[in-house]
Structure formats: structure tokens, C-alpha cells
Protein chains: 2
Amino acid sequence: MPVGLSAQELTQLDTLIAGRKKVPKGSPLYKAGDAFHALYAVRTGFFKTEVNTQDGRGQVTGFQMMGEIMGLDGIVQDQHSCDAVALEDSEVCVMPYARIEELSMRFEPLRRHLHKVMSREIVRDQGVMLLLGIMRAEERVAAFLLNLVQRMHVRGFSQSEVVLRMTRREIGSYLGMKLETVSRVFSRFAEDGVVDVNQRHIVIRDPAALKAMVTSQSAHCTT
Amino acid sequence: MPVGLSAQELTQLDTLIAGRKKVPKGSPLYKAGDAFHALYAVRTGFFKTEVNTQDGRGQVTGFQMMGEIMGLDGIVQDQHSCDAVALEDSEVCVMPYARIEELSMRFEPLRRHLHKVMSREIVRDQGVMLLLGIMRAEERVAAFLLNLVQRMHVRGFSQSEVVLRMTRREIGSYLGMKLETVSRVFSRFAEDGVVDVNQRHIVIRDPAALKAMVTSQSAHCTT
DNA sequence: CGACACCTTGAAGAGGTTCAAGAAATGTGG
DNA sequence: CCACATTTCTTGAACCTCTTCAAGGTGTCG
């Protein structure tokens, strides 16, 4: 992550990662209430984070892909406040929080990076609130797709093509709507020639049309 | 904030606060796009934070009262991503971020505190997403009122009485609904004897009834 | 191959929005 | 201190978007 360090410093930084952990599809990396020990960086695969209520309802709060950090929610109460579940066979880097704390004392770049990661998450959450608060169904789906391909593109994948790792229900949960509505919006987009939809395989034919729906692209963060 | 420090350390910590700033009612403490210099702690008064879209729509992302921190959104991009506006004549403590960074290197308690503050904000945002994503109008208003009086109570105010500092429109924006709906829900609560509503003066007559509406009290953070 | 989860589509229904009007409170200037 | 303008709040009625319920189709995995 950080740059501009001596070889010795880099060696020390390596100790930040205690190891890797495989998480099979459908398994939780952690669950709400679990003791908080570490932050996790997605190495391979795809995750969702989800908060659940007593009465069984739940809300997907985010999808995480390669390079993204999970577990920040656990710091404040020394326990996690949401579930992190792998949507496909995945692997994460385990970064024990005690070690992060210790190293962040000595290495300014790491400390600054950590603060930015947390701040980025806060800004991302603002974007989700905007989405849930004022957008209608089509805008939400358009924003979701654009955000997804943009993040994939940064990682070297196609800008116009994406395979969804999550179900319609999970998309709907994230966007604050029912799975049927998600499906209908996809169908409408397909009719209008904006996207091609083949189950979970999406091709964006008219990105401009999608962007036009999301006039409200403000503090919409990429993470 | 932190405890268990020597007198000398405490003196240094005092330098964290560069000064105070008065913010008149209706004025912004900062606006989206402003350069990021400092974090702010509310000393007196009441604020809202708000993200705005190009097309003029906006979403209130939070209300801040005494002791709560604003500005964390600015860290990641060195500029703020939302507006912070005083809802009444207010005063904040200005904590230059450069100094926070510097002191947090030396003082573990401060560093830990900062990380918890940021993590708490992330958990709070999860609660708002839950609210916006799955709750219906009455649940949202009930959750809002309970959260508000709970925070006031922690600060030594009544557990059953509160004067709203924000308009119906601002409540609605925060809760993802229209001001008319907020008004109607208040009226319905009043009819049912759950609360007394006199303009912005609210008396909670049946807190249990409110809590029962919010079966979904999970990771609902207090901040 | 069969069971199961996932997706699509239709029709009816509900919750919240929109539009509109009036009342109450707040602020301003004479 | 009062009159007036402005903002805020309440309430009603029509409307609309999304949800709910239901059925059938498609894909997937043991």
C-alpha cells in the first residue's frame, strides 16, 4: 500500500499481514457480534457485508472486491456489527488490528493510509444514503451498475461487461428494493437497448444513458 | 477525551484545539468541495450534515450535537464531501488535522480514540442504511425520535422531552421521506397517545410503543 | 436427472408522493 | 409594538411507484 519506505521498513510492514484465509462461497468471514481482531483485505473473490435485525430482516451495506478492506466497523466496540459473507470462493489477507495500531504509530504513511481508508468508507456510505434516500428504482440500478463496472475497470477488467456475483435479492437489499423490482428494471433497460442482460452476465451498451439517469453523481465514491 | 495521561501530556493535548469558532444559525461550517483542514467538535448548538447533487436535490446524512465530531469525510480527498450547517447559533472546537496526525503518533490514547470515532461513524452509517433500506415511515420516525432523546439523555437532558432543532423537511430528508409524510406520522403518533406534538416540542408519552415499532434495533449506534 | 434456488413476468394492492389550500409560527421593517 | 411577509406545519384527495402475491421458466448442483 504505502510507498517511499526503506527496505527495512518494508520488511516490518510485511509483518502487518499475519496470513491469508480462504473463505468458501456462502461462508461468513465474520458475523455481527464476533470479537474483533483484525481487518481484512480481499485478495481474491467477492464479498457482501450485511446488517441483520432481530426480526430477520437484513440490509446489504456493501459489496467488496479485490483490494478492498473489511472489518472497520469492529473497531469501535471491539466486536463486529455486521456480517461479511463470501459470494464466491475467496481469499483475504488477515491484518491483526493490534499490529496495525502498533505499526501505524511508527510509520506515518501507514497511519495516513489507514485514516484515508476509513474516511473513504464514510464518504462511500454518504453515497449509499443518497441513493437510498432520494433516487428511484431506475436511478439506483443505474448507479449500482456504473459503480460496479468502474471498480472492475480500475482493476483491469472491461468497462462495459460484468458478471454479477450477487443475486437479484442481494442487489435489491443493497439498493433498498425488492428483487422483483430489480429484475423489472433490468428488463426495462434491456428493452431500451441500454444493457444486455443474460442472467448475471451484463453488457453495458449505452453507458451515457446510464450516466444520464444518475444526474445525481456527486460525492459518489469509487470504493 | 482520553484519560490517564501525565500533566505534561495533557498540556500537549491542549494544543490539539487551535481555537473555537462561532457559527450563526443557517451558516455553513464548511461546504462540499472546501479544502479540508480540521476536524470539528460541537461545543454548543446543533448541526446537520448534507450531501447535495448536481440537480439540486439533497440528503441530510446526520444531525450533530454537543461533543460530536464533524469533518471526517474530508480526510480521504483533502476536501469535504458534504456541507455542515448550523441549525442554531453554535460553536465548535477547531482541531487542525495536521496536529491530530502529529499528536496521534505520540499518544496512543488519542490515536485509539480517533480510530474509534471513525469506526463509530461507519457503524452509525450502517444504521442509517438499515433505516433507509428496510423501515417504513412510522418505524423511521420512531427510530429517529428514540435516537434523538437517547443522545440528549446521555447529555443530561430529559429522556421524554425534546425540542427539535430541525424542520420537518430536514427530518424527512434524513429519513428518506417527504415533509408531509413526517407531519402525518407525527399526527398519527399524537392521535395514538404515543407522543405529544406541539410544533417542534415533542413529549414522548409511551416510549415502549416507539421501541416496539423499531423491532429492528440492531447495530443502532448512539452517535 | 431431479431438487432447489434463482429469475422473470403479470395483476392487484398499499404506502408514500404530489398537488393544493389553509393555519400557525417566525421574522422584518415601519 | 403592530402589520405584513415569509417560512413552516398540517390536512385532504388524487395519483404513482414500488410491493405483494402468484405462476412459470431457467439455471445449477448433488
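Here is how names work: the chains are called A, B, and so on, in the same order as the sequence lines, proteins then strands, and each is numbered from 1.
Taking atom CZ on B:Arg200 and atom P on D:dT8, their separation rounds to 7 Å, with Å as the unit. Atom C1' of nucleotide D:dC29 and atom CG of A:Asp89 are separated by 14 Å, given to the nearest angstrom. Rounded to whole angstrom, the span from the NZ atom of A:Lys178 across to the P atom of C:dA14 amounts to 16 Å. To the nearest angstrom, P of C:dC6 lies 12 Å from CD1 of A:Ile171. When rounded to the nearest whole Å, the span between NE2 of A:His201 and C1' of C:dC6 equals 18 Å. Atom CD of A:Glu180 is separated from atom P of C:dA11 by 15 Å (rounded to the nearest Å). One interatomic measurement links the two molecules: CD of B:Glu191 to P of D:dT11, which rounds to 8 Å at whole-angstrom precision. For the pair B:Asn198 CG and D:dT8 P, the computed distance is 19 Å after rounding to whole Å.
Under 3.5 Å, the side chains of B:Thr44 and B:Ser90 contain no donor-acceptor pair of N or O atoms.
Side-chain contact between A:Pro96 and A:His37: absent, with no pair of heavy atoms (C-beta onward) separated by less than 4.5 Å. Between B:Gln59 and B:Glu50, every side-chain heavy-atom pair lies at or beyond the 4.5 Å cut-off.
Across the interface with DNA chain C, nearest-nucleotide mapping of B:Arg136 and B:Lys25 shows B:Arg136 to be the residue nearer the 5′ end. Between B:Glu138 and A:Phe186, the residue whose closest nucleotide on DNA chain C is further toward the 5' end is A:Phe186.
Ring geometry for A:Tyr30 against A:His80 counts as parallel: the plane angle stays under 30°, on a 0 to 90° scale with 60° as the upper cut.
Using modelled atom types, no side-chain atom of A:Arg43 and backbone atom of A:Gly67 make a donor-acceptor pair closer than 3.5 Å.
When heavy atoms are screened at a 4.0 angstrom cut-off, B:Ser187 is found touching the sugar-phosphate backbone but no base atom. Within the nucleic acid shown, B:Arg188 has no heavy atom closer than 4.0 Å to any nucleic acid atom. Residue contacts for B:Thr181: at a heavy-atom cut-off of 4.0 Å it reaches a base atom on one of the strands shown. Among the atoms of the strands shown, only primed sugar atoms or phosphate atoms (P, OP1, OP2) are found under 4.0 Å from some heavy atom of A:Gln199.
Side-chain atoms of B:Arg184 stay outside donor-acceptor range of the base of C:dG15, with no qualifying N/O pair under 3.5 Å.
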